[in-house]
Each structure stands twice: as C-alpha cells, then as structure tokens.
Amino acid sequence: MSGIITAKFLADAPPTRVREAKFERATQTLDANPFDIGAWEFVLAEIHSGPLSLEQARQELERFLYFFPSSSKYWHVYISLEISHNNNDIVPKLFERCMSKCQHIELWKLYLSFHANLGTPPMRMAEEYRTAIEQFKPDLSVNVLCELFARFTKETLENAQALRKAYQNALDIPMHNIEKLRMDYLDFAREAFSKSVFDGILKRSSPHYQQARQAARELETVTRGLNKQRLAVPPGTSSLFDGDSARQIQIWEKYLETEKAGKPMSDETPEVTHARVVQRVLFVYKQYIACFYRHANVWYEAVSYIIQQGKIAKNEGNGELYDTCMRAANELFQSAVEACPLDYILHFSYADFLEEQNQVLKATAVYQNIIANADPQTDLSIVFIQYMRHGRRTGKTLELRKVFKQALKWLKDAKKIEQEHSGFQVLVANGLMELCLPQTSDVKTPTQICKAVLELSAKFPHISANVNFALEYINFLIGIGDATNARAEFKRFLLTVSPKDADVLYSHFIEFEAMHGDLATVLQLEQEREQHKLKLQGTSQQRLDIDTALPPTTEQLMMRYSYKGIYPCPASHISLFTSKAPAPRSDHMHGDTAASTVTAGGDAMDQGQSLYSAFPIPDVSQYSAYRPFRDTPGVTLCRPPTVAQLMKELPPPSSYKGPLVDVDMLIKELAARPIPATHETAAAIKRAKRAAEASDAEAPSGQSLFRQRQRAKKSEN
C-alpha cells in the first residue's frame with residue numbers, strides 16, 4: 001500500500017489491516033528519518049507483540065541496531081528472540097557483536113544464562129562469572145552478578161573456601177545492597193566455620209566493607225536520575241530525549257568527576273590505586289559513550305583522559321599501566337571513527353596519536369580510509385590539507401607531493417563543492433608548505449614552486465573565480481616583491497570574480513596602490529569603485545574622469561588614510577566620517593585592506609564608544625550592575641526580621657554538595673499528599689473528642705463548658 005492512509009480507510013478497515021497500514025507508515029517515516037524515535041517505538045512494539053514473522057523481526061532489529069548499535073536493551077530483545085527460537089548457532093555471534101559496544105549487566109546476565117542452559121561445565125561457568133564481575137566492578141549494579149555467583153558457588157560447586165573467597169572479593173566493591181551481601185556472608189561463615197575463624201573473618205573484612213559501603217552511598221547520590229538505557233540519537237537530531245539530554249550530561253560529568261577523584265582503599269599502594277581509578281573511569285566513559293554514541297566530544301574526552309593517564313604512568317615508571325592505557329586509547333579511537341565518520345576531528349586525532357607512537361603506516365591508512373570511503377559530494381579539502389601536513393612531517397618532500405597529486409585529482413573529479421569551500425585552500429596550503437621546504441633541485445627555487453602551485457588555479461574555474469583565493473595569490477606576489485604581476489592579477493581577478501566580491505577586491509587594490517602606486521591611480525580606483533557600487537544598486541551614472549569627478553566622501557578619506565587600526569582622527573570622532581557598522585576584518589598572507597582597517601573600529605567599541613550611531617549614547621563607564629543584596633543608596637530592601645535573620649544564618653549556596661532538587665515539584669508533591677497521623681496522635685484525638693462530647697452532654701446549665709473541659713484534661717493527666 002502506498003501513499004497516505006486516510007482516516008476513513010483506517011476507520012472502516014479491519015484491525016489487522018489498520019495495524020499493517022500503521023506499520024507501513026512507520027517504516028516510510030523511518031526511510032525519511034532513521035532516527036525518528038516515535039516511529040521506532042511502534043515498529044519495535046510490533047516485534048514484541050508478535051504479529052511479525054521471525055525474518056521480519058530480525059530485519060527490523062538489524063535495521064534499528066545499525067543506527068543505534070549501543071542500545072543494550074534492544075540487543076537483549078534481539079538475542080532473546082533468537083534464543084526463544086533455539087537458534088543457538090546465531091546467538092554467540094550476536095553476543096560477540098554487542099559486548100564491545102554495550103556495557104550493561106542485563107546483557108551479561110543473559111549471556112551467563114545462555115551458557116548455563118547449554119550445559120557449560122561448572123568450572124568454566126565459574127570463570128565466566130569471575131570475568132563478568134571483574135568487568136562490572138565499577139557498576140553499582142554488580143551486586144546482581146555477585147549474588148548470582150554466590151548462589152552458583154553454593155549450589156553447584158559446594159566448596160566453602162570458594163564461596164568464602166567469592167564473598168570476600170565482592171565486599172571490596174561499592175555496590176547496591178552491599179549490606180545484604182554482607183549479612184549473607186556472615187550467616188554462611190557462622191555456620192561453616194568455628195567461632196574463632198568467624199571472628200577473624202569479621203575483623204579482617206570490616207574495614208574493606210565499611211569503605212565500600214561509604215563509597216557506594218556517595219555514588220548512589222551522584223548517579224541518582226541517571227538513565228543508562230538512553231537511545232544514542234545524533235546531536236542536532238530532534239527526538240523525545242532533547243529535554244533530558246542536558247540533565248543526563250550533567251549527571252554523567254558529575255559521576256566522572258567523582259570517579260576521577262577516587263580515594264585509595266585500605267592497604268592499597270599508589271600504583272594499584274591509580275590502575276583501579278583508571279579502570280573505573282574508563283568503564284564509566286564506555287557507559288557514557290553508549291548513551292551518546294554519536295557525540296564526538298564524548299569520545300575524544302574519554303580518549304584524551306586515557307592517554308593522559310598513560311603518560312602519567314610512564315613518568316612514574318608503571319610500564320604495565322602505560323601499555324594498558326595505550327591499548328585502550330587505540331581501541332577507543334577505532335570505535336570512535338566508526339561511530340562518527342563525518343567528525344574528521346576524531347580521525348585526525350587518531351592519526352596524530354599513531355604518528356606519536358611511531359606507527360606511520362597506520363596513521364597514513366587513517367587518511368586513506370577517509371578518502372576512500374567519502375561520498376563523492378563531500379568536501380575533502382581539510383582532509384587533504386591535514387594529509388599533506390602528515391606527509392611533510394613523515395615523508396618530507398616526496399610524500400607531500402604525492403598527496404598533493406591525489407588532491408589535484410580529487411579537485412578535478414569532485415562533482416559538487418560549495419562556493420565558500422571551493423578547494424582553493426588545498427592549493428594555498430601546499431604552496432606555503434613548498435615555500436618553506438629546503439631547496440632540493442637546481443631547476444626551481446621554493447618560491448618558484450609555490451608560484452607554480454598557485455597558478456594551477458587556472459585549471460579550475462571555480463577556484464579562479466573565488467575572491468579569497470585571489471587575495472591569497474596577490475598577497476603572495478606582494479610578499480615576494482612582484483608588484484607588477486600583483487597589479488596585473490588585481491585587474492584580471494576583477495574580471496572573473498562575482499560583482500559582490502569585486503567590491504572587496506577593489507578595497508584591497510586601493511590599499512595596494514596607496515602603498516606601491518601613485519595618487520592618480522588611487523583616485524581613479526576610488527572612482528571605479530563608486531561606479532561599481534552604483535551599478536550594483538541599479539543606478540546608472542555617466543563615467544567621470546578624475547578632473548571632473550566629485551570629491552571623495554569622508555568615508556573614502558577614512559579608508560584612504562587609515563592603516564592597521566590607526567586612524568586619522570580620535571576614535572570618538574570616527575562616527576562623524578563613516579556611517580557603516582564595523583565589519584569583521586579579513587586578514588590574509590601579508591596584509592590588511594584599507595576597507596578592513598576603517599571598519600575595524602572594534603578597538604573604539606571596546607572603549608564603550610559607538611562608531612556609527614547618530615544618537616546620543618550614555619557613558620557606559622559609569623554603569624554599575626544592580627545587585628539587590630548590596631546597600632544601594634536610595635534603595636531600601638524591606639525583609640521581615642525573621643527572614644533576614646534566617647538568611648544570615650544559612651550557609652552560602654557554594655557549600656551545598658548534595659543532589660539537585662526541583663523545589664517547585666517537591667512542594668507540589670508534598671501539598672498533594674495527605675500527612676498521615678501517627679497511632680498515638682490519632683488515639684489522643686479520639687479520646688479528646690469523646691471527652692468533649694461527654695462533657696457537652698453532661699454539662700449542667702449555667703456552668704462554663706470551658707472549665708469542665710479543663711478539669712477533664714487535668715483528671716486524665
């Protein structure tokens with residue numbers, strides 16, 4: 001069925017056809033936007049409810065996990081579906097695919113359950129349990145695995161010493177419900193060992209247990225509200241999680257800060273503490289990445305931390321931790337460039353990391369993979385520039401020129417490049433690199449090679465018509481003292497660039513002639529520029545000679561006589577000579593233009609002066625921010641005495657280290673809930689009510705009812 005399903009059709013159709021129509025509409029939505037969470041929820045609900053065949057469900061889950069590969073929840077759904085159909089040959093491959101991307105205990109529970117049902121030998125199962133617990137030590141939910149392992153050891157292995165060791169190792173780890181695990185351990189030890197052995201166990205395990213419990217409580221406070229099942233939508237994609245993303249990032253960052261400041265455990269050396277903290281922080285980063293899989297900044301933050309800790313370990317002589325950190329950084333980089341293929345910042349960082357490790361061939365392969373896998377319409381200018389830098393550092397001249405030839409081929413074959421990124425940067429970057437290389441041939445000097453590279457722009461019309469390239473090339477000619485060719489190139493580029501860009505080029509041309517030409521040429525160019533402006537505005541005017549032309553405007557004078565932020569009048573008077581707002585300056589290889597220096601009135605603006613407003617402006621230097629807590633003359637803050645006293649006694653906000661509470665929501669919840677009375681209070685109220693009713697009934701006329709009640713209360717007391 002194609003097209004839009006009308007409301008009338010849905011109303012008249014049978015339920016099965018309605019669901020099929022909705023399912024098809026959801027799949028069409030996902031074809032247009034594969035990150036539409038609402039459409040995915042409907043499709044996945046269909047898989048869960050069972051109307052889809054196994055092949056259809058498998059196809060939709062594969063499609064979902066292609067876009068959300070770090071979703072442990074739906075990997076669990078996928079694997080459970082295959083297990084329910086007894087596809088035991090497929091399940092291990094699915095576990096292998098998801099374990100590296102998803103650090104979630106529920107997946108490991110399913111993994112252990114699957115192997116137990118296959119009849120895995122007990123010793124092998126015990127090793128699997130130990131591996132899972134070791135990996136999930138930093139997770140507060142590791143108590144689930146510890147309890148399962150203790151139950152497995154007690155029921156299957158029936159080894160008291162093994163169970164004792166399992167309990168002892170578990171009680172060193174901060175986790176949820178650690179008190180329950182301790183009670184189970186003490187109950188077991190009390191029954192299995194003598195009193196003297198039990199007392200020794202209690203004495204030795206108490207310090208570790210107390211420290212782990214304190215750490216668990218702190219982490220529970222920090223991680224309250226953390227959602228580890230969040231779907232990792234790309235940044236900038238509208239989704240159901242937009243409102244909660246900032247809050248989740250805040251919790252993750254606070255969680256990482258707490259782990260990075262990890263305290264040493266009792267009887268622990270500094271080297272062991274460092275290794276343990278790095279292991280825990282790396283685990284938290286992996287869980288953080290699973291929730292923000294498409295965010296390149298989270299990947300880089302994790303990698304940079306691991307590299308930094310590796311360098312610290314190397315300086316401390318801890319070679320084992322250094323090797324571990326470098327391996328972890330390499331694995332994270334490989335996953336990062338796969339997760340964020342268009343964030344070239346990760347690719348370049350990975351290549352620099354490999355180059356620093358003297359793995360030049362692998363670093364080169366990073367750039368080659370980007371080029372090989374890029375879409376034909378993708379602008380690869382920055383990739384080739386970084387690739388040439390890498391080639392110059394590692395292979396010197398030959399490698400640099402080899403990469404440049406590849407870049408020229410790409411420029412020739414590129415089907416679509418945006419005008420503002422027309423690829424001219426590749427020519428300019430290569431020319432500047434060649435300019436600074438030592439001369440290797442007697443045929444051409446570095447200056448001649450650089451000029452030849454820039455002249456290749458003639459083969460690419462979109463580069464020749466780019467005003468930014470024109471300015472780069474002209475400034476290069478000025479820098480080498482070739483004023484004649486610079487003047488010729490100004491005139492040539494004025495004929496090739498767009499009319500809007502020609503105005504910018506005129507400004508640079510005027511500045512050039514002011515520095516290297518004569519006054520008559522400057523005046524002639526100013527008139528040509530005015531004619532060009534009038535032409536752009538659609539105003540026709542007869543061309544004037546210099547002798548008959550109108551005198552220059554004050555704005556032209558300001559442009560002519562200004563240079564690099566120096567003005568021919570006080571800064572406060574600039575607004576008298578120009579009515580244009582300050583514009584950003586365009587600095588190039590060897591100088592600025594007169595136009596940019598005139599409009600670069602930012603220096604004056606920094607002093608609080610307006611450069612272009614014709615209206616009076618207050619003296620902002622006299623400005624003082626309004627702060628109600630200060631004693632401002634003429635302003636009296638009237639607070640009730642009790643409130644003022646309370647505010648004096650309250651600690652400053654910076655001293656609060658607890659969880660963030662939504663006060664409005666808290667008050668709303670408290671107001672909506674009735675406060676139950678205690679048993680004693682309710683009983684006292686009932687007695688007082690019965691006594692009051694009795695006294696009202698028995699009170700003689702003329703006697704004060706209040707006095708009777710007072711006497712009744714005294715008699716009760």
Side-chain angles (χ1 to χ4, degrees), residues 69-70 96-103 131-132 134-139 252-253 255-262 264 268-290 292-341 343-370 383 386-387 389-391 393-395 399:
S70 60
E96 184 178 354
R97 288 172 56 190
C98 71
M99 288 297 193
S100 60
K101 296 182 176 69
C102 307
Q103 303 289 332
T131 302
E134 182 66 25
Q135 180 173 344
F136 282 90
K137 269 185 178 181
D139 197 315
W252 279 114
E253 294 295 338
Y255 187 11
L256 286 166
E257 289 179 7
T258 304
E259 289 290 2
K260 290 176 183 178
E268 194 175 58
T269 62
E271 292 79 8
V272 174
T273 301
H274 191 190
R276 179 178 58 82
V277 170
V278 170
Q279 179 192 13
R280 293 183 65 89
V281 173
L282 177 59
F283 179 85
V284 175
Y285 266 122
K286 288 181 177 179
Q287 289 191 324
Y288 186 11
I289 287 169
F292 293 88
Y293 188 73
R294 307 292 182 181
H295 287 62
N297 62 312
V298 180
W299 284 101
Y300 182 74
E301 186 181 325
V303 174
S304 61
Y305 171 80
I306 296 301
I307 294 175
Q308 179 190 22
Q309 297 306 310
K311 292 180 179 178
I312 293 174
K314 184 178 182 180
N315 294 334
E316 294 175 350
N318 192 345
E320 182 180 357
L321 180 58
Y322 170 77
D323 294 338
T324 301
C325 289
M326 293 302 105
R327 284 195 301 271
N330 188 68
E331 293 172 0
L332 281 173
F333 264 130
Q334 290 177 354
S335 301
V337 298
E338 178 185 351
C340 307
D343 288 298
Y344 295 143
I345 186 172
L346 292 176
H347 298 258
F348 300 155
S349 299
Y350 185 28
D352 288 348
F353 169 76
L354 293 172
E355 184 181 336
E356 190 177 3
Q357 301 295 314
N358 295 322
Q359 301 180 34
V360 177
L361 293 179
K362 291 184 178 179
T364 303
V366 173
Y367 295 104
Q368 293 174 347
N369 289 336
I370 299 175
V383 177
Q386 297 300 327
Y387 193 5
R389 291 176 177 176
H390 165 74
R393 293 193 300 264
T394 58
E399 186 66 22

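As the structure is a computational prediction, the values presented were derived from the model and not from experiment.
Side-chain atoms of N318 come within 3.5 Å of backbone atoms of L321 as a donor-acceptor pair (strictly under, hydrogens ignored). A donor-acceptor contact shorter than 3.5 Å links the side chain of Q287 to the backbone of Q103. A donor-acceptor contact shorter than 3.5 Å links the side chain of S335 to the backbone of E331. Of the possible polar contacts, one joining the N369 side chain to the A365 backbone as a donor-acceptor pair under 3.5 Å is found.
In this structure, N358 CG and T394 OG1 are separated by 11.0 Å, a value rounded to the nearest 0.5 Å. The OG atom of S70 lies 14.0 Å from the NZ atom of K286; values are rounded to the nearest 0.5 Å. Expressed to the nearest 0.5 Å, how far CG of L346 lies from CD of E338 amounts to 12.5 Å. Atoms CD and CG, on Q357 and N330 in that order, are 8.5 Å from each other to the nearest 0.5 Å. Taking CD of Q135 as the reference point, atom OG1 of T131 lies at 8.5 Å (rounded to 0.5 Å). Expressed to the nearest 0.5 Å, how far CD of E259 lies from CZ of F283 amounts to 10.0 Å.
Summarising the geometry of K101 relative to R97, their closest heavy-atom pair is NZ-O, 3.8 Å, with the distance given to 0.1 Å. A329 approaches I307 most closely through the heavy-atom pair CB-CG1, 3.7 Å. The minimum heavy-atom distance linking Q309 with H274 is given by the pair OE1-NE2, 2.8 Å. I370 and Y344 get closest at one heavy-atom pair: CG2-CE2, 3.6 Å. In terms of heavy atoms, V337 sits closest to H347 at CB-CE1, 3.6 Å. Scanning all heavy atoms of the two residues, the minimum distance from H390 to A363 falls at CE1-CB, 3.7 Å.
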query = Checking side-chain contact (heavy atoms from CB on, under 4.5 Å) for the pair Y305/V278: CA distance, chi angles, key distance, verdict?
reply = CA-CA 9 Å; Y305 171 80; V278 170; 4.3 Å; yes

task = Give the C-alpha distance, both sets of side-chain angles, the deciding distance and a yes or no for side-chain contact (heavy atoms from CB on, under 4.5 Å) between V366 and K362.
result = CA-CA 7 Å; V366 173; K362 291 184 178 179; 6.0 Å; no

key: side-chain contact (heavy atoms from CB on, under 4.5 Å) assessment of N297 paired with I345   = CA-CA 9 Å; N297 62 312; I345 186 172; over 6 Å; no

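At least one side-chain heavy atom of V383 sits under 4.5 Å from a side-chain heavy atom of F348.
The salt bridge (charged side-chain N to carboxylate O under 4.0 Å, His left out) pairs that include a residue from residues 296-319 are K311-E356, where partners are two or more places apart or lie in different chains.
For OH of Y300, the number of neighbouring non-hydrogen atoms (other residues, nucleotides, ligands) closer than 6.0 Å is 12 at most.
P341 meets the side chain to side chain contact (heavy atoms under 4.5 Å, CB included) test with no other residue; sequence neighbours excluded.
Of the charged side-chain nitrogens involved, at least one lies within less than 4.0 Å of a carboxylate oxygen, so that D352 and R393 count as a salt-bridged pair.
Tested against V303, the residues F333, Y350, F353 include a single side chain to side chain contact (heavy atoms under 4.5 Å, CB included) partner, F333.
The aromatic rings of Y367 and Y387 lie parallel to each other, their planes meeting at an angle below 30°, with 60° marking the opposite boundary.
A ring-centre distance under 6.0 Å is not found for F292 and W299.
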